[in-house]
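One structure is given here, and the rest of the page talks about it.
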Amino acid sequence: MADVVLDASAVLALLANERGAEQVQKTLGSALMSAVNLAEVLAKLSDRGVPEAEQRVIRMSLDIEVRSFDERSAWRASGLREVTRTHGLSTGDRACLALALEERIPVLTTDRAWSKIDSGVEIRTLR
C-alpha cells in the first residue's frame, strides 16, 4: 500500500542528490507517481543530456509505482484548476494532486506554493 505520491520535483531532487533527497529515498517502495509526472522527470533527464538507455536504467532503479493518467484522472485534475490557478500550478502538478486525492495520501514536493492551496491534499515539502 502506498504512503505518498511523489511530484516530479521530488524525484528530480533525489536523482540530483539535492537537499531533501534522503526524505524521498525513504519513501521508495511505498510511493506512487502519475505517468504525467514520470514524463516530466524523463524530459528533464533528456534536457540534461541523459541518453534514453540510461533513463531506462534510472527508472528501473526507482521503486516507485507509476499510475496511468486516464479520463477519470483528467476530470479530477481539471477540477483542481480553480484552486490552483493563482498559484501557477501546471497540468502535471494537478495530475500529481489528483492522484493524491484519489488515493487519499499526502504529496511530497519541493514546491512550497502548493502549501498555500486548499486542495484537500496534505502537502509535504522537501525544502
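Hydrogens, waters and symmetry mates play no part in the numbers below; they use all other heavy atoms, side chains included.
Contact check for D93 versus L80: no side-chain heavy atoms found under the 4.5 Å cut-off. In this structure, the side chains of S119 and W114 stay at 4.5 Å or more apart for every pair of heavy atoms. Counting heavy atoms from C-beta outward, R124 and T109 have side chains that stay 4.5 Å or more apart. Residues V11 and N37 have side chains not in contact (no heavy-atom distance under 4.5 Å, counting atoms from C-beta outward). Residues M33 and E65 have side chains not in contact (no heavy-atom distance under 4.5 Å, counting atoms from C-beta outward). Between M1 and S30, the closest side-chain pair of non-hydrogen atoms is not below 4.5 Å.
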After noting the C-alpha distance and the side-chain angles of V107 and E122, does the key distance pass the side chain to side chain contact (heavy atoms under 4.5 Å, CB included) rule? CA-CA 6 Å; V107 167; E122 178 187 344; over 6 Å; no

How far apart are the C-alpha atoms of V50 and I58, what are their side-chain angles, what is the distance that settles it, and do they pass the side chain to side chain contact (heavy atoms under 4.5 Å, CB included) test? CA-CA 10 Å; V50 178; I58 291 167; 4.2 Å; yes

| How far apart are the C-alpha atoms of L6 and V24, what are their side-chain angles, what is the distance that settles it, and do they pass the side chain to side chain contact (heavy atoms under 4.5 Å, CB included) test? | CA-CA 8 Å; L6 298 177; V24 181; 4.2 Å; yes

Could you go through the side chain to side chain contact (heavy atoms under 4.5 Å, CB included) check for I64 and T27 one step at a time? CA-CA 9 Å; I64 301 169; T27 71; over 6 Å; no

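Both I123 and L99 belong to a common hydrophobic cluster when Ile, Leu, Val, Met, Phe, Trp and Tyr are linked at side-chain heavy-atom distances under 4.5 angstrom. Criterion: ILVMFWY side-chain heavy atoms under 4.5 Å apart, direct or through other members. Under it, L97 and V83 are part of a common hydrophobic cluster. When hydrophobic clusters are built by joining Ile, Leu, Val, Met, Phe, Trp and Tyr residues whose side-chain heavy atoms come closer than 4.5 Å, directly or via intermediates, L45 is grouped together with L28. I105 and V66 are members of different hydrophobic clusters when ILVMFWY side chains are connected at heavy-atom separations under 4.5 Å. Under a hydrophobic-cluster definition in which Ile, Leu, Val, Met, Phe, Trp and Tyr are linked whenever side-chain heavy atoms come within less than 4.5 Å, directly or via other members, V4 and V41 are assigned to the same cluster.
Residue pairs meeting the salt bridge (Lys or Arg N to Asp or Glu O under 4.0 Å) criterion with at least one partner in residues 37-60, sequence neighbours excluded, are E52-R56.
Shortest non-hydrogen contact noted between A35 and S68 is CB-CA, 4.4 Å. Closest of all the heavy-atom pairs between L108 and A10 is O-CB, 3.5 Å. Closest non-hydrogen pair, S115 versus T125, comes out as OG-CG2, 3.6 Å. Nearest heavy atom pair, residue A77 against residue A98, reads N-CB, 3.7 Å. Shown here for A21 and A13, the closest heavy-atom pair between the two residues is CB-O, 3.7 Å.
The CZ atom of R94 sits 9.5 Å away from the CD1 atom of I117 when rounded to the nearest 0.5 Å. Here the NZ-CG distance, from K26 to L14, works out to 12.5 Å after rounding to the nearest 0.5 Å.
Residues forming a side chain to side chain donor-acceptor pair (under 3.5 Å) with D70 (at least two apart in sequence, or on another chain): S73. With sequence neighbours left out, the side-chain contact (heavy atoms from CB on, under 4.5 Å) criterion links R19 to R127.
Taking a cutoff of 4.0 Å between a charged side-chain nitrogen and a carboxylate oxygen, R67 and E103 qualify as a salt bridge.
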